[in-house]
Amino acid sequence: MSNKQAKLTPRRPAGRATIVMVAEAAGVSPSTASNAITGRRPVEPETRIKVEKAALDLGYRPNLSARRLRTGGAANIALFSSMPFAVSAGPSRLGFMMEIAAAASLAAMEHGIALTLVPPIAGADLSRLDLDIDGALVIEPSRDDPYLATLAARGVPTVAIGRVPGGMAGIEEVDLQPEITAELLITHLAERSSRLTLVVGDVDRASYEATEQVYRSFAARTGQEPLVLRLPESEGEDGAARACAKLLAANPTIDGLLVLVDAFATGAVRAARSLGRAIPADLRIATRYNGLRAMQCDPPLTAVDLRLDEVGALAVRKLLSTLRRTRHGNKAAPPQSLVVRASTQT
């Protein structure tokens, strides 16, 4: 190789290449090199080509952390589930939470943002939670939710997926419209059930509250005595199987169960079988979420398409909008919602 040829091929620096090195190699100013790479301001096509070639030859990679400090842009958001793994994860950890996480992570990636999934660990000391995040999503928050309280105390912009019971200042929401879901499922069950019972978790969540209100209104209209069974979320399917077996044994006239949590619903199926109750001939069971548990149950359970792929993407977009408004001091936008679709399978 000749000396002339050697001079045309830049030697990669021993350390990390900087924008100044790229600018020198391309024969332009650092600001022009930066504009050519980021696209913040237009540059001549010939200049952009020279800068891109110099960056490639030097192995230059933008320092995203430094860019974030300069521009105030988001680099990392986190997804929390207020509901424990026992009811939110599903078979092989592929449940309500993970379906939202998959869609949210894709939407975040499209905006050049990383998404951190924070597992719901029972008894975790949230005061020790130390994550370098710009914003957060919280799935199905409870009243006085510890995740929301911790994030608010640290000034982290947050969007709730599902309503916050009682509301919370500064927290945006993606409304899952639980009343619509409840009406769809109760109407379906009531077509062939004369004694309908509601099964929910024992935590104060908006989806449970709204469903119970719809159920009690239905019971009042039809002259039924309302019966609501509240189960510990942490006990999941096994706890539901035990509790539902006792419920059905003590109330043999029950011929319809609206079991809001899918893990509880599959537990109810086990309970019915242990008592010799055929599904759906003797007992009809419906649940809110048409995930793997509902679809793989034998027989498949009546459930609702909550469009969680759209929910996750919408939550990310809403969080990014919240981050922009926070930086510019604008007021919050009203809650956004989705329309659910029924998927009757029994």
Side-chain angles (χ1 to χ4, degrees), residues 1-79 100-117 131-137 154-159 170 172 174 309-334 336:
M1 181 181 293
S2 67
N3 290 336
K4 183 177 181 181
Q5 288 176 319
K7 291 179 181 179
L8 293 177
T9 304
R11 178 178 297 177
R12 292 199 174 194
R16 183 187 182 104
T18 67
I19 193 66
V20 173
M21 296 176 184
V22 172
E24 291 177 350
V28 299
S29 68
S31 61
T32 298
S34 178
N35 290 332
I37 291 173
T38 63
R40 283 197 302 268
R41 293 183 180 178
V43 298
E44 293 294 329
E46 296 82 359
T47 301
R48 178 176 54 79
I49 292 173
K50 285 195 301 182
V51 171
E52 290 176 349
K53 184 178 184 306
L56 179 63
D57 291 339
L58 293 170
Y60 172 76
R61 289 178 295 125
N63 188 324
L64 297 180
S65 297
R67 182 186 299 177
R68 172 187 169 199
L69 291 174
R70 290 194 306 269
T71 65
N76 193 10
I77 61 177
L79 176 67
I100 292 176
S105 62
L106 179 60
M109 185 177 66
E110 290 173 350
H111 289 86
I113 297 171
L115 183 140
T116 299
L117 179 61
L131 294 174
D132 182 18
I133 57 175
D134 303 288
L137 307 172
R154 298 188 178 186
V156 178
T158 302
V159 169
E172 300 281 357
V174 174
D309 54 341
E310 297 178 35
V311 167
L314 174 59
V316 169
R317 294 197 302 271
K318 193 168 182 63
L319 179 57
L320 295 180
S321 178
T322 300
L323 287 167
R324 288 192 293 269
R325 288 196 305 273
T326 299
R327 294 189 190 100
H328 297 293
N330 295 335
K331 294 182 179 180
Q336 298 186 43

message = What I'd like to find out is whether the side chain of Leu137 reaches to under 4.5 Å of the side chain of Thr158, using heavy atoms alone.
response = no
request  = For Ala315 and Val174, work out which heavy atoms get closest and say how close.
outcome  = CA-CG2, 3.9 Å
Ser31-Ser34 side chain donor-acceptor pair, cut-off 3.5 Å = no
query = Closest heavy-atom contact between Gly135 and Val156?
reply = CA-CG1, 3.7 Å
key: Full working for salt bridge (charged side-chain N to carboxylate O under 4.0 Å, His left out) between Glu52 and Arg48   = CA-CA 6 Å; Glu52 290 176 349; Arg48 178 176 54 79; 3.3 Å; yes
Closest non-hydrogen atom pair between Ala104 and Val316, with its separation = O-CG2, 3.4 Å
ask   = Roughly how far, to the nearest 0.5 Å, is the CD atom of Glu172 from the CG atom of Leu323?
value = 10.5 Å
Stepwise side-chain contact (heavy atoms from CB on, under 4.5 Å) test for Ile113 and Leu320 = CA-CA 10 Å; Ile113 297 171; Leu320 295 180; 3.2 Å; yes
request  = Evaluate the criterion side-chain contact (heavy atoms from CB on, under 4.5 Å) for residue pair Thr32 and Thr47; output intermediate values, then yes/no.
outcome  = CA-CA 9 Å; Thr32 298; Thr47 301; 3.8 Å; yes
ask   = Hey, mind stepping through Leu79 and Thr116 against side-chain contact (heavy atoms from CB on, under 4.5 Å) and telling me if it holds?
value = CA-CA 6 Å; Leu79 176 67; Thr116 299; over 6 Å; no
inquiry  = Nearest 0.5 angstrom please: Leu319 CG to Ile77 CD1, how far?
reply    = 5.0 Å
ask   = How long is the span from the CG atom in Leu58 to the CE atom in Met21, to the nearest 0.5 Å?
value = 8.0 Å
query = Any idea which heavy atoms bring Val51 and Ala33 closest together, and the distance?
reply = CG1-O, 3.7 Å
request  = Step by step, work out the side-chain contact (heavy atoms from CB on, under 4.5 Å) result for Val311 and Leu314.
outcome  = CA-CA 5 Å; Val311 167; Leu314 174 59; 5.8 Å; no
ask   = Which value, rounded to the nearest 0.5 Å, describes the distance between Thr322 atom OG1 and Arg317 atom CZ?
value = 12.5 Å
request  = Would you confirm whether Asp309, through its side chain, and Ala103, through its main-chain N or O, come within 3.5 Å as a donor-acceptor pair?
outcome  = no
request  = State, to 0.1 Å, how close Val20 and Pro30 come at their nearest heavy-atom pair, and which atoms those are.
outcome  = CG2-CG, 4.4 Å
query = Roughly how far, to the nearest 0.5 Å, is the CD atom of Glu24 from the CD1 atom of Ile19?
reply = 11.0 Å
